[in-house]
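Note that these values count all heavy atoms, side chains included, but never hydrogens, waters or copies made by symmetry. Note that ligands are numbered from 1 as they come in the structure, with each ligand's atoms numbered from 1 the same way.
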Amino acid sequence: MSFKDVIHASSLRSRAVRLWDCCYSFTGCLFVVNFLSLFYRILRMTIIKVADESEVISKLSTYVEKISNDAIYNRGKFYIGLSGGSVLKFLCESLPKINTDWSKWTLAFCDERVVPEDSEDSTFGVYKKQLIPKTELTEKQFIVLKQGVSAKAAAKDYTEKLKLAFNSEEFKFDLLLLGMGPDGHTCSLFPGHPLLSETILKVAAITDSPKPPPERITLTYPVINAARNCIFAISGAGKADMVKVCVWAKKLLKWQGLGKDCISTRGCVARKTS
Ligand SMILES: O=C1O[C@H](COP(=O)(O)O)[C@@H](O)[C@H](O)[C@H]1O
């Protein structure tokens, strides 16, 4: 079995609005193709509801162990993208529990804040303190943000580092571990932000993040959608409404006889099966 997923509420919303617009515009055809592709992704997504955060942590251990060991067995390496926010806490607890060949791991960030590494806002700073000491991982295995430069320069530098790590212009992660904010953002891709339409840059700078700190770098949709697997770990009542937006889209498809999975609105891990 292989795992894959994609769900992004801000994208669902903005595309729904654009679908309506396209009835009146010539670009409609192209948009319909995009929209159908998004529906296809939703159909392939599985949402797993669990009782509480401790079960999110144990499910994450199970999936990451399987996906990492499959990648190492099939390709000799494992490329993972990590997120910040609440996912960070889940990962610092779940990853140390897994059995894997840590030396084969390369770890990058789905997004990172442009702050000094010792700032409490630095995602790498937290993994450095709370994950590395609990595993056999070394700092060198992490692809980290260049310090002391602008967000734009940091995004460019990060792109070059990823090219080196993947030995390719294409960044095909084995797994992206993603979170979702109450507004539906994932990585540092926020609802309504122009970066949602980015198709050229693989890593982009954002200097007006609605959630502080304002300056960040983020992977863009082309990289997220190219990943072999994505897992969103989402929990908390504050996110229930946004999860419902995603669930609604899937229920609609099921009602139309197109989907078959069930749904959750509390602590859940989402994955897409192929
Ligand atoms: O700012 C960020 O927010 C999202 C979601 O965070 P959460 O605390 O609501 O789970 C996170 O996925 C992203 O990496 C982070 O930079």
Around atom CD of Glu136, are there more than 12 heavy atoms from other residues, nucleotides or ligands closer than 6.0 Å? no
Stepwise side-chain contact (heavy atoms from CB on, under 4.5 Å) test for Leu162 and Val223: CA-CA 11 Å; Leu162 287 176; Val223 179; over 6 Å; no
NZ (Lys77) with more than 12 external heavy atoms under 6.0 Å: no
Lys/Arg-Asp/Glu bridge criterion (N-O < 4.0 Å) met for Asp174, Arg75: yes
What pairs with Glu93 under side-chain contact (heavy atoms from CB on, under 4.5 Å), at least two apart in sequence or on another chain? Ile57, Lys89
Applying side-chain hydrogen bond (donor to acceptor under 3.5 Å, both in side chains) between Lys104 and each of Thr106, Asp101, Thr100, report the one that passes. Asp101
Residue by residue, ordered by chain and number, which ones reach under 4.0 Å of ligand 1 with a heavy atom? Ser83, Gly84, Gly85, Ser86, Asp111, Arg113, Gly179, Met180, Gly181, His185, Cys187, Lys211, Arg216, Lys239
